[in-house]
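Worksheet for the structure shown next.
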Amino acid sequence: MKAFPKRYKPKDAEAACMGRWADDDAFRWDEAAPAGDDYVIDTPPPTVSGTLHVGHVYSYTQADIMARYMRMSGRNVLYPIGWDDNGLPTERLVEKVKKVRGGTMAREEFVALCREVIPDYEQQFRDLFTRLALSVDWSREYQTISDESRTVSQLSFIDLYRKGLLERRLEPTLWDPADRTAIAQAEVEETEREGKLNYIPFEIEGGGLEPAVIATTRPELIGACGGLMIHPEHPRAAELIGKRAISPLYSVPVEIYAEDTVDPEKGTGIVMCCTFGDVTDIQWFRTHKLPLRLVIDQAGKMKDALDIGSEDWPSLNADEAQATIEALAGLKAAKAKEAILELLQARGLILKQEATHQVVPIAERSGAPLEIIVTPQWFIRTLDFRDQILAKGREITWRPEYMRQRFESWVEGLKWDWSISRQRHFGVPLPVWYSMREGEEGKILVADPARLPVDPTVDLPEGYAEDEVERERDVMDTWATSSVTPQLVTRTISDELGLDQAAHERLFPMSLRPQAHEIIRTWAFYTIVKALHHQNDVPWRDIAISGWCLAGDGQKMSKSKGNVIDPIKLLDDYGSDVVRYWTGTSRLGHDTVLSQNTLQQGKRLVTKLWNAVKLAHMALEQAEIAPVSPKADIEAGIITHPLDQWLLGRLSDTVAKAGEAFENYEYANALRVTEDFFWRTYCDNYLEIVKRRSRFEGAPDDEQRSALHTLYHASDAMIRLFAPFMPYVTDTLHDLLNAGEDESAPTVHRRGSWPDRTVQAEAGLFESEGEAFVAVLSAARKVKSELQVSMKAPVARLTVTAKAESLADLIGDTAHDLQAVTSSEAVELGKAPEDAPNAMSADEAITVTLKMALPSDDEA
RNA sequence: GGGCGCGUAGCUCAGUUGGUCAGAGCACUACGUUGACAUCGUAGGGGUCACAAGUUCGAAUCUUGUCGCGCCCACCA
């Protein structure tokens with residue numbers, strides 16, 4: 001056995017283990033093993049956006065804890081890792097680092113900058129994850145922008161296109177005017193602000209009627225008005241419906257329609273419908289076949305010129321309309337609003353203004369208020385598939401189960417198909433061109449799957465000359481690629497399209513998707529959609545949703561609140577094992593505060609585990625024993641002592657409970673039962689009981705041998721039980737306990753090294769005896785505590801008084817231990833002596849009386 | 001507006017199917033240890049389990065309602 005260092009040095013252990021695991025290639029998936037043993041994890045590729053936060057530590061560690069258990073329990077774990085290094089988040093990082101604006105640069109130039117910046121930030125993640133001891137298979141590292149990922153991503157595109165599930169459509173689209181790109185519904189966030197509801201009159205054509213007054217928060221869209229909507233029950237409905245109203249400032253006549261979707265209580269009960277202010281406008285636009293009148297451009301500014309005065313867009317006062325257009329031209333929406341309000345005010349056309357609390361949709365990446373404009377975009381059909389998507393969601397096991405609700409309410413609330421095209425630079429190109437050949441103008445030319453990846457801005461479709469095609473310049477949204485992370489690992493999209501059909505057949509669907517809850521509506525949702533569309537299957541059987549890490553004050557960490565904790569500093573301060581312990585104490589789905597208490601507890605546990613194994617090691621290194629297994633050693637008549645068998649029974653029980661918890665992804669429960677056994681049963685009681693029997697004087701050889709074997713098995717098993725949580729200290733201890741002087745033991749984290757439960761049959765053996773012994777011991781301690789003497793204070797005679805006769809055997813069989821642990825010269829079962837201090841056990845079934853030894857003359 | 005989660009000792013949290021479920025750690029008090037333990041141990045104080053009503057022989061645990069916190073979805077003219 002190796003010499004046991006007095007203290008545990010986390011930094012040294014971490015360095016040593018990292019090296020050893022890399023050398024051993026300890027976490028590589030074994031392709032040769034039977035497919036039935038596979039356990040495949042769909043690891044989240046972190047977004048390369050420049051920040052490491054404690055949330056990464058938290059959720060990735062929780063996934064790793066489960067992965068380590070699965071591996072130790074015998075599964076052949078495939079745990080890939082990748083980096084999501086394209087799309088808007090990465091573009092923003094590059095813009096920040098390089099102080100450039102992607103939108104104003106040539107694509108080639110900007111992409112070159114991206115490729116230059118990314119590696120450093122990926123390395124940060126690599127370092128963090130290595131240090132955290134994520135047991136990923138580094139040979140499976142991928143990037144979502146690599147050639148292979150682009151190929152698979154484009155295969156996904158082609159498959160969906162061929163199936164009619166992906167379409168190019170010219171229609172109203174959610175638009176981010178700051179980043180000047182289409183976005184998807186999932187990228188919409190909300191912000192609150194105080195706004196003004198303006199009451200504005202529209203004259204009624206023909207005269208004789210009072211104007212129709214509408215209320216709007218977006219007066220700058222009056223020019224885009226294509227009709228007024230009024231509820232059929234509205235008091236003025238009868239007189240207005242079918243009439244035409246004249247828009248102020250533009251003098252454009254618009255029809256007035258009955259619409260029962262109008263809320264008569266809101267505003268005036270009469271609404272102007274613009275193209276487009278919100279989703280309702282689109283609905284009304286379609287229902288009533290209103291004219292399309294776009295006044296805002298892709299930058300979110302008022303257009304310089306409108307076709308007002310033409311046949312399709314008539315005005316009763318074209319000069320006034322033209323003047324209004326010129327007054328607003330080039331202004332951003334917010335400025336245009338101020339300007340048009342002034343124009344209206346000057347004409348006395350603002351009848352009333354009300355302050356109103358608004359919730360405004362914004363783009364999550366840029367924070368800019370959204371517009372809805374009309375541009376050609378590529379959409380994956382989702383609205384028609386809501387039922388199937390929900391059905392697939394129900395085939396998946398959600399942990400915790402209630403997280404499924406979030407998924408379902410998202411799917412039920414879908415209003416848009418999934419737009420995947422982005423007018424940006426750094427992403428996977430859409431693999432299409434548009435023909436300009438005579439007779440087939442506009443025909444969509446999709447890339448040949450055999451020639452991927454393609455970049456249509458560089459490559460040409462087979463058989464077409466440069467001047468025969470219009471090149472597609474859009475790229476895919478980053479989610480369009482990360483929604484096929486399982487397929488990136490199998491390198492195959494479907495039965496027809498892919499690079500490795502055999503791998504796909506074997507590994508897909510995967511076993512587990514671990515992820516955080518804030519990306520249910522994106523990553524989980526999109527991945528499910530893709531698996532449905534590609535193969536009518538689920539992407540994985542289980543999904544485990546982690547919660548959020550909150551700051552010590554219980555609030556979400558954010559820069560503005562100044563409560564952000566740097567994960568590197570956290571690891572520096574406590575070591576990976578302690579930080580991992582903290583993540584292991586909180587359950588899936590639960591947000592947790594970063595509590596100093598829990599970190600301290602973890603630190604104590606690491607120290608205690610180290611010392612407990614050290615104690616065993618001290619006894620074991622002097623002994624010539626060859627332990628086999630708890631069961632074998634019991635059967636061989638080596639482990640004979642009732643208390644040793646009791647301990648192993650309890651241990652076996654703990655292994656069973658922890659394993660059961662792990663199987664349900666309740667790792668926090670596994671940790672609790674393990675910790676509870678370790679601290680109370682093992683350290684506080686068992687170790688105290690066998691301390692002397694194992695090492696010191698007075699114990700018969702066979703009793704000592706029994707103790708030594710038990711110490712070995714218990715230490716070994718506890719190291720394994722804690723291994724998923726605290727990989728460094730456990731692997732270090734495993735080596736100290738199992739390796740010879742000049743060799744090293746195979747890692748405790750290897751496949752199949754979860755402690756066996758072969759003592760299970762004997763669990764319960766000596767259970768009541770063990771509990772009774774502990775009760776006697778506790779009562780004896782209580783007496784000493786009440787006497788305010790040392791636990792080691794010598795006792796002349798310890799008397800156990802119990803109703804049950806059955807204790808006689810126990811006291812006889814365990815007399816050596818009872819004497820040793822209570823420092824008693826003699827122990828007996830019988831009537832309690834008078835006038836001696838005593839205490840009762842918790843259940844009051846046993847009374848222990850201590851006749852203390854007289855202090856010797858020296859001490860007196 | 002709809003939904004979900006949470007509200008248990010000063011703090012952070014456990015409490016599976018209703019009956020040793022009133023718990024753990026930290027903090028606090030007293031004492032003891034420093035030959036496994038930059039400590040550790042023993043003992044102790046501390047909670048009407050948010051509130052109310054109900055079901056039950058019995059409820060932290062089930063039902064309904066109320067209040068508070070957080071989140072998701074929707075609305076947002």
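The structure presented is a predicted model; accordingly, all values stated were derived computationally and were not measured. Chain A is the first sequence line, chain B the second, and so forth, proteins listed ahead of strands; every chain is numbered from 1.
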* To do: Take A:D676 and A:Y8, find for each the nucleotide of RNA chain B with the closest heavy atom, and name the residue whose nucleotide sits nearer the 5' end.
  => A:D676
* To do: For A:R587, answer base if it contacts any base atom (sugar-phosphate contacts may also be present), sugar-phosphate if it contacts only those atoms, and nothing otherwise; contact means non-hydrogen atoms under 4.0 Å.
  => sugar-phosphate
* Asked: Would A:F725 and A:T730 satisfy side chain to side chain contact (heavy atoms under 4.5 Å, CB included), going step by step from the backbone distance to the final call?
  -> CA-CA 9 Å; A:F725 301 97; A:T730 50; over 6 Å; no
* Would you tell me if any nitrogen or oxygen in the side chain of A:R672 comes within less than 4.0 Å of OP1 or OP2 on B:rG23? => no
* To do: Report yes if at least one side-chain N or O of A:Q185 is closer than 4.0 Å to OP1 or OP2 of B:rC73; otherwise report no.
  => no
* To do: For B:rG41, take OP1 and OP2 only and decide whether either is under 4.0 Å from a side-chain N or O of A:W679.
  => yes
* For A:L197, which contact category applies under a 4.0 Å heavy-atom criterion: base, sugar-phosphate, or nothing? -> sugar-phosphate
Acceptor/donor pairs from residues 188-197 of chain A side chains to any protein atom, 3.5 angstrom cut, sequence neighbours excluded:
residue: A:E192; atom: OE1; partner: A:H357; partner atom: NE2; Å: 2.7
residue: A:E194; atom: OE2; partner: A:H357; partner atom: ND1; Å: 2.6

* Structure fact -> Rounded to whole Å, CG of A:N597 lies from P of B:rC11 at a distance of 12 Å
* Structure fact -> When A:H357 and A:K9 are each assigned the nearest nucleotide of RNA chain B, the 5'-most assignment goes to A:K9
* Asked: Does A:T847 offer a backbone N or O that forms a donor-acceptor pair with the side chain of A:N838 under 3.5 Å?
  -> no
* **Distance test, side-chain N/O of A:R781 to OP1/OP2 of B:rA43, below 4.0 Å** => no
* Taking only N and O in the side chain of A:K415, is any of them less than 4.0 Å away from OP1 or OP2 of B:rC75? -> yes
* To do: Just call it for A:E190: base, sugar-phosphate, or nothing, with non-hydrogen atoms closer than 4.0 Å on any strand.
  => base
* Asked: Does A:S595 get its side chain close enough to the base of B:rU12, under 3.5 Å, for a donor-acceptor pair?
  -> no
* To do: Ignoring hydrogens and angles, state whether a donor on the side chain of A:H288 or A:E255 is under 3.5 Å from an acceptor on the partner side chain.
  => no
* Base, sugar-phosphate, or nothing: which does A:H617 touch, judged by heavy atoms less than 4.0 Å apart? -> nothing
* Asked: Hey, does A:S785 reach any base, or is it just sugar-phosphate, or nothing, if we go heavy atoms under 4.0 Å?
  -> base
* Asked: Using 4.0 Å as the upper bound for N to carboxylate O, is an ion pair formed by A:R399 and A:E666?
  -> no
* RNA chain B contacts among residues 255-269 of chain A, heavy-atom distance under 4.0 Å -> A:V262, A:D263, A:K266
* Asked: OP1, OP2 of B:rC76 versus side-chain N and O of A:T280: anything below 4.0 Å?
  -> yes
* Under 4.0 Å between any heavy atoms, over every strand shown, what does A:S586 touch: base, sugar-phosphate, or nothing? Just pick one. => nothing
* To do: Kindly say if A:K782 contacts the phosphate of B:rG44, meaning a side-chain N or O under 4.0 Å from OP1 or OP2.
  => yes
* Asked: Counting any heavy atom closer than 4.0 Å, what does A:R218 reach on the DNA or RNA strands: base, sugar-phosphate only, or nothing?
  -> nothing
* To do: Identify whether any heavy atom of A:K784 sits under 4.0 Å from a base atom; if not, whether one sits that close to sugar-phosphate; answer base, sugar-phosphate or nothing.
  => nothing
* Would you say B:rA77 has OP1 or OP2 under 4.0 Å from some side-chain N or O of A:T217? -> yes
When the side chains of residues 670-680 of chain A are checked against the rest of the protein, which donor-acceptor pairs come out under 3.5 Å, sequence neighbours left out?
residue: A:R672; atom: NH2; partner: A:N669; partner atom: OD1; Å: 2.1
residue: A:T674; atom: OG1; partner: A:A670; partner atom: O; Å: 2.7
residue: A:E675; atom: OE1; partner: A:Y581; partner atom: OH; Å: 3.0
residue: A:E675; atom: OE2; partner: A:Y581; partner atom: OH; Å: 2.8

* Asked: If we call it a pair only when both distances are under 3.5 Å in a Watson-Crick or G-U wobble match, what pairs with B:rC4?
  -> B:rG70
* Asked: Should B:rA52 form a Watson-Crick or G-U wobble pair with both distances under 3.5 Å, which nucleotide is its partner?
  -> B:rU64
* Looking only at side-chain N and O atoms, does A:R680 come under 4.0 Å of OP1 or OP2 in B:rG25? -> yes
